[in-house]
Amino acid sequence: MKYRTLVGLAWGLSVLTSGVEAAERVSFSRDIVPVLRSNCATCHLTGEEPGGMKLYPSAAYKSIVKTQSQESSLLRVTPGDPQASYLMHKLEGTHLDVGGVGVQMPFGLPPLPPEIREVVRRWIAQGAQDN
Amino acid sequence: MSKMKDEVLMSRRRVLLGAGAAATLSVSGSAAAASKKAQHWDKEADIVCVGTGAAAGTAAVTAAALGASVIVLEKMPIPGGTTGKSGGIAWIPNHQFIRAAGIEDRREDCLRYMARFAYPQRYDANSKTLGLPEDAYQLLAAFYDNGAKMVEWMEKLGALRFGQFKMWHADVFPPDYADHLPENKAKNVRAMEVAAGSYSGGGGFSGGKGMINQLEHWLNEHKVPILLEHRVVNIVKDGERAVGVEVQAGDGKLLRIRAHKGVIFGTGGYSHNLELIRLHQPGLYGSCAAACSTGDFIPIAQQAGAKMGDLTTAWRTPIVLEQAIENRALPLGVYFTPGDSMINVNKYGKRVVNEKRNYNDRSRAHFVFDPVNAEYPNMFMFMVFDERTLNRYAGAYPLTADKREAKWLIEGRNTQELAQNIAKRLDKMKGKIGCYALAEDFAANLDATIARFNEFAEAGRDDDFSRGLHDYDRAWMKLFSQVNKNATFPENDKPNSTMYPIDRSGTLYAIILAPGSLETSGGPAINANAQVIAANGTPIAGLYGAGNCVAAATGPAYMGAGGTIGPAMTFGYIAAHHALGVKA
C-alpha cells in the first residue's frame with residue numbers, strides 16, 4: 001500500500017506552529033509556509049492539479065492571496081476577511097455552504113487541527129501579509 | 001578531458017515526450033562551438049543523483065555516507081516527488097523485525113512468492129531460476145539480498161528509522177497482496193513503516209512526507225547540495241560511459257555537471273506524460289502520481305543508448321472516472337472498495353472481480369478483452385451500493401462524509417432508474433470514453449446480480465469470486481472501510497464481514513470506476529547492480545536507475561504494502577554501492 005489515506009498526520013503540525021502565541025502577529029513565511037509545504041504542496045505543485053494552485057514556498061503567496069478560486073465565487077484569500085476566503089472554508093469544511101465544491105482539505109486526511117486553522121484565520125484577518 | 005568525446009545528444013523526440021526544457025539544446029550552434037562548450041563543466045561530484053524521492057534519496061544518502069561527493073538534482077521546487085504523497089511504507093523481505101520475531105522468510109521461499117506472483121505464465125518451482133529469464137530472476141534475488149541490508153544501513157546512518165508496519169488505526173499486520181498463494185510463507189510481516197519523529201528531523205511526520213523530510217534533513221546535515229528546479233535534460237557520455245548530465249536550471253541557464261563515478265536516476269514514472277501513456281498504457285485514465293511524473297528519464301535514456309525494459313507495467317488502482325476526466329492528476333485512488341452491501345459490475349451489469357482484492361490486481365480486471373464483441377466490457381466498472389453502505393462507510397473514499405461533496409455519486413430509486421442515470425453520466429463524457437456504453441439489459445442483469453450476491457451474503461460464501469475468503473479481503477477492510485462515527489445502520493451480522501445483502505427497496509447508488517495508477521513502473525532495463533542496460537545488452541558504465549523511472553524489478557506484481565518503495569530504496573542503495581565500487 002503506497003498511499004496513506006486515513007492516517008492522522010495532524011499532530012505533527014503543532015510542532016511547526018507551536019511558537020505562535022494568540023496575540024502575536026502571524027508571519028506568512030514562518031507560520032503559514034511550513035503548513036502549506038507539509039500538508040498541501042505535494043498535491044498542489046504544478047498548478048495543473050485540481051484547484052489550480054502552486055502551494056510550494058516561493059509560489060504560494062501569489063497563488064492564493066487576492067486570487068480567484070476555481071471552485072467558488074470567493075477569492076482564495078481575501079486579506080482581512082477569513083469568511084470571504086475560500087481557502088478558509090476548504091480547511092474548515094464549510095466550502096459547500098459558500099457555493100464551493102469538492103471535499104474538505106487535506107483530501108483523504110483528517111482536517112488540520114483547530115489551532116492550525118486558527119493561525120491561518122488570524123493571518124488572513126491580520127491582512128494576509130507576505131511577511 | 002582533452003580526449004573526452006562528449007556526446008551531446010539532442011532530440012526533438014525529447015520535446016515531444018514532455019521534457020520540454022531540452023528544446024534549448026537543439027539550437028546549441030555549430031559542431032565546433034558545441035565541442036568547445038563540451039569541455040566545460042559547471043559543477044562536479046563523484047555521484048550525481050537525479051530526483052529526490054525514495055530511490056534517489058536513498059542513493060544520495062548511501063553515496064555520501066560511503067565518502068563520495070554528491071550532488072542531488074530535482075526539477076521541482078520542493079523535494080519528494082510521488083514518494084512525498086505516499087504512505088512511506090517499504091515492503092522488505094526478511095527484515096530485522098521478522099528475524100527478531102523468529103519468523104522464517106527464507107530466500108528460496110520469498111523468491112518463489114515473488115516469481116510466482118509476478119510471472120505466473122513462466123513460473124516453474126523446479127527451475128533454477130524459477131522459470132524466469134536469468135535477468136528477471138537476478139533482479140528479484142538482488143532485491144531479497146539487499147533489502148534488509150539497506151534498511152539497517154539507513155538506520156545505522158541515522159537517515160531513517162523504521163518500524164514494522166501495522167495498518168493505521170486497525171492495529172493489524174497487513175496481509176501481502178497475494179497473501180493466500182501457497183508460495184507465500186511469511187504473508188503479513190514484510191511491510192515496514194518510516195517512523196515519525198526520526199533520528200534526523202522528520203518534523204514529526206510519518207509516511208512519505210516523513211521519509212522525504214528525513215532524507216532531506218540528513219542530506220542537508222551532511223552538506224550534500226540539493227539543487228531544486230534543476231531539470232536534467234541530457235546525459236553526457238565519454239565514449240560508452242556516462243560522465244555527467246546537462247541540466248536546465250530554474251533561471252534558464254544550461255549547466256553541465258560532471259559525475260566522476262556515476263549518475264543515478266530516480267526520477268519517477270510517466271503517469272502524466274500523455275504521449276507515453278497513449279503509447280504504453282492505453283486506458284489509464286488518471287493517476288495519483290505527482291504531477292511532475294512525466295517520464296523524463298525515458299527519452300533521456302533512449303538518447304544515451306538504453307534498452308527499454310517492460311514499459312507497460314504500473315502500480316495500478318481503480319480511480320473515479322468522473323474525477324479523472326475533470327483532471328487526471330488525482331489525489332487518491334479507490335485502493336479498496338468500501339462497504340459490505342456493495343458490488344462492482346461491468347457494462348452488462350455483471351460482477352467480474354472480487355471487489356475486496358488489492359488495487360493493483362483489481363485494476364487489471366478492467367482490461368479483459370471480449371473477442372466476440374470486440375470490446376473491453378470491464379473498462380469501466382460501476383460500484384453499486386445501497387443506503388447502508390453510503391451511511392455506514394461515509395468518508396471511506398470514494399464515499400464522502402457529506403453526500404453533497406461527491407459529484408461522482410449517481411442515484412436511482414431502482415435498478416432501471418440507476419441505469420438511466422449512469423447512462424446520462426456516460427453520455428456527458430462522450431468523446432472521452434470511446435464507444436463505451438451500458439448494455440440494454442444492464443438493469444435486468446444488475447437485478448439478477450444483486451439477487452445472487454445477496455444469497456452469497458446470507459450464506460457467507462461468494463461462489464463466484466471468493467470475496468472475503470482470504471485474509472487480505474477481511475483485514476484491509478478494517479483499514480479502508482471504517483465505520484463512520486455517525487452511522488445509523490447496524491453492524492454486519494452476516495457470516496462474512498465483507499458482504500451484506502444490498503437493499504433494493506431504497507435508493508441505489510453508483511460510482512463509475514476506471515483503471516488508473518499510483519504511478520507507472522516501466523522504463524529502461526536495469527540489471528541486478530541497478531546499471532542501465534544498453535541496446536546491445538551490456539551495462540552502460542556510469543549510468544544507474546532505481547524506482548519508477550526504470551522497469552520494475554518485481555514486474556507487474558505489487559507484492560504487498562510498500563511494494564513500490566521497498567524495491568526503489570533497495571536499488572538506490574545498490575546503485576550507489578556499485579557506482580563507488582563498494583560491495584553492498
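If you're wondering where the values come from, they're calculated on a predicted model, not measured in any experiment.
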Name the region of Q323(B), side chain, backbone, both or neither, that has any atom closer than 4.5 Å to a heavy atom of chain A.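 Side chain of Q323(B) only, per the 4.5 Å heavy-atom cut-off to chain A.
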Bottom line for D402(B): the part with an atom under 4.5 Å from chain A's heavy atoms is side chain
Between [X] and [Y], does any side-chain N to carboxylate O distance fall below 4.0 Å?
{"X": "D179(B)", "Y": "R357(B)", "answer": "yes"}
{"X": "D171(B)", "Y": "K166(B)", "answer": "yes"}
{"X": "E216(B)", "Y": "R37(A)", "answer": "yes"}

Do you know which of P77(B), P174(B), G84(B) has the most heavy-atom pairs under 4.5 Å to chain A?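 Of P77(B), P174(B), G84(B), P77(B) has the most heavy-atom pairs under 4.5 Å with chain A.
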Is the side chain of S481(B) donor-acceptor paired with the backbone N or O of K478(B) at a distance under 3.5 Å, no angle test? no
